[in-house]
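Convention: sequence-line order gives letters A, B, ...; per-chain numbering from 1. Atoms considered below: every heavy atom in the structure, side chains included; atoms not considered: hydrogens, waters and symmetry mates.
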Protein chains: 2
Amino acid sequence: MNRPTTRKGCETRERIMVCAARLFARQGARGTSIDEILTESGTGKSQFYHYFRDKDELIRSVHAMQIERMLALHSVIFEQLDSWEGFELLNDTVLHLLESQRFQDGCPIGSLASELATSDELVRMDTEQYFDRKKAAIVRGLTAMKLRGELRPDTDVQGLADFVVVVLQGAKLLSKVRRSADCAQASLRHMLLYLQSHRS
Amino acid sequence: MNRPTTRKGCETRERIMVCAARLFARQGARGTSIDEILTESGTGKSQFYHYFRDKDELIRSVHAMQIERMLALHSVIFEQLDSWEGFELLNDTVLHLLESQRFQDGCPIGSLASELATSDELVRMDTEQYFDRKKAAIVRGLTAMKLRGELRPDTDVQGLADFVVVVLQGAKLLSKVRRSADCAQASLRHMLLYLQSHRS
DNA sequence: ATTCATCTGTACTGCGCGGTATAATCCTCC
DNA sequence: GGAGGATTATACCGCGCAGTACAGATGAAT
């Protein structure tokens, strides 16, 4: 609702957001109560409703934040996606991320989207944009490789980019269910091998 | 709680389950109240608590039912997974299923798992088993093809099977977010192409 | 020091939710 | 036809939830 103006206000809002993000990733948005977030973040109700109109707005804000966070975190990698090393780095980063959460959260963005996509159109659209931006980065990289003659001229860049996004999301989901990165690792490796099969 | 014995009882329990399954797929388990299920299915509270101990038991029952339903629906296909036609049929079936839901539900099993995997260990394990059984069917098929010499002897059957499961789940999730089968279709086609690249 | 907007503490409300209690019906079998 | 379990109707309970009211604290600017 109100954007914070002072330093203290920013910190408070931030603490709520970060804490909510963590809880949402573990137990979903519907499975997390506002009180729980407030207790965990050491804030009060008045503070919450000073910065957010209602729970839905919090959810959307957190989701948007996670999206920007992820895209920022991967921005360096995205720029290297015009080389095999870049894709290897992408795979490694994803696997590393999964392990750092001990395979508990899967993909926070994907999870929240899966939970709310049908009931919250805004969340759905934000997620769609997220996938679009991810895909665009991959398309850029593959196109560059194609232009440099590293990929066959008839390579279906668009379809491959969709494919990569799909594999990434699927791998993250399965690692969450299996509590292990094994299948994710195998899948990502095969994905890379498939990309490389388009070498000219 | 109580298993129904009479015909009427079975029908009542069935109606609750089917209705819950539909609602869970659209709005998640936490996003669906018992009252909503009862209203929609035309049953009463006493009937619900006659057949289910609590909401968790309903959720697990519905989830288990969905799993068995899916495996049964695919059992014929699973037996044909020792041929390229079999995999094509699998892809077509998945796409057809997505379209029949107008891309609203994605994968009911995957969605519920994503929502509850971290908070309900039983749901998580059931889902894991589901993926295992799916993978096993794929492994059987690919192994048969390998033995028949249609796949190269060094083919990583296990890894490929994981890969297929991952792609299927990822495709279903993205179709839900994108409200379209386009990316799913492209991904599944590329998956098949990759499998076929292992031809000997 | 006073002012004034920002920020925060606390107590409260109303309601929807999961779950219970009790008793009434239905059906089958003897 | 009536005994007895299976099934169903209805009213209810208590709690946790999202959201509100309002007063109090903070702190920078003048």
**Request:** Would you indicate, yes or no, if D/dT8 has its OP1 or OP2 atom less than 4.0 angstrom from a side-chain nitrogen or oxygen of B/Thr12?
**Result:** yes
**Prompt:** Can you give one letter per nucleotide of nucleotides 16-25 of chain D, going 5' to 3': B for a protein heavy atom under 4.0 Å from the base, S for sugar-phosphate only, - for none?
**Reply:** -SBBB-----
**Prompt:** B/Phe52 has an atom CZ; how far is it from atom P of C/dT20, in whole Å?
**Reply:** 15 Å
**Item:** N or O in side chain of A/Tyr51 less than 4.0 angstrom from C/dT6 OP1/OP2
**Value:** no
**Prompt:** For B/Val76, what are the other residues in its hydrophobic cluster, where any two members join if their side-chain heavy atoms are less than 4.5 angstrom apart?
**Reply:** none
**Message:** Is the shortest side-chain heavy-atom distance between B/Ile59 and B/Leu112 below 4.5 Å?
**Reply:** yes
**Asked** Is the distance from OP1 or OP2 of C/dC7 to the nearest side-chain N or O of A/Thr5 less than 4.0 Å?
**Response** yes
**Request:** Provide, to the nearest angstrom, the distance between the CG atom belonging to A/Leu38 and the P atom belonging to C/dT8.
**Result:** 12 Å
**Asked** A/Asn2 CG to C/dC4 P: how many Å, rounded?
**Response** 19 Å
**Prompt:** Closest to the B/Gln47 side chain: C/dC7, D/dT7, D/dT8?
**Reply:** D/dT8
**Prompt:** Between A/Arg189 and B/Asp156, is there a salt bridge with N-O shorter than 4.0 Å?
**Reply:** yes
**Fill in**
To the nearest angstrom, the NE2-C1' distance between B/His50 and C/dA21 comes to 15 Å
**Prompt:** Quick check: does any side chain N or O of B/Asp120 sit under 3.5 Å from a backbone N or O of B/Val123, one acting as donor and the other as acceptor?
**Reply:** yes
**same_hphob_cluster(A/Val177, B/Val62) at 4.5 Å side-chain heavy-atom cutoff** = no
**Spacing between B/Met1 atom CE and C/dG19 atom P, to the nearest angstrom** = 12 Å
**Request:** Could you tell me how the ring of A/Tyr194 sits relative to the ring of A/Phe163: parallel (under 30°), tilted (30 to 60°) or perpendicular (over 60°)?
**Result:** perpendicular
**Request:** Please report, rounded to the nearest Å, how far the C1' atom of D/dG5 is from the CZ atom of B/Arg7.
**Result:** 20 Å
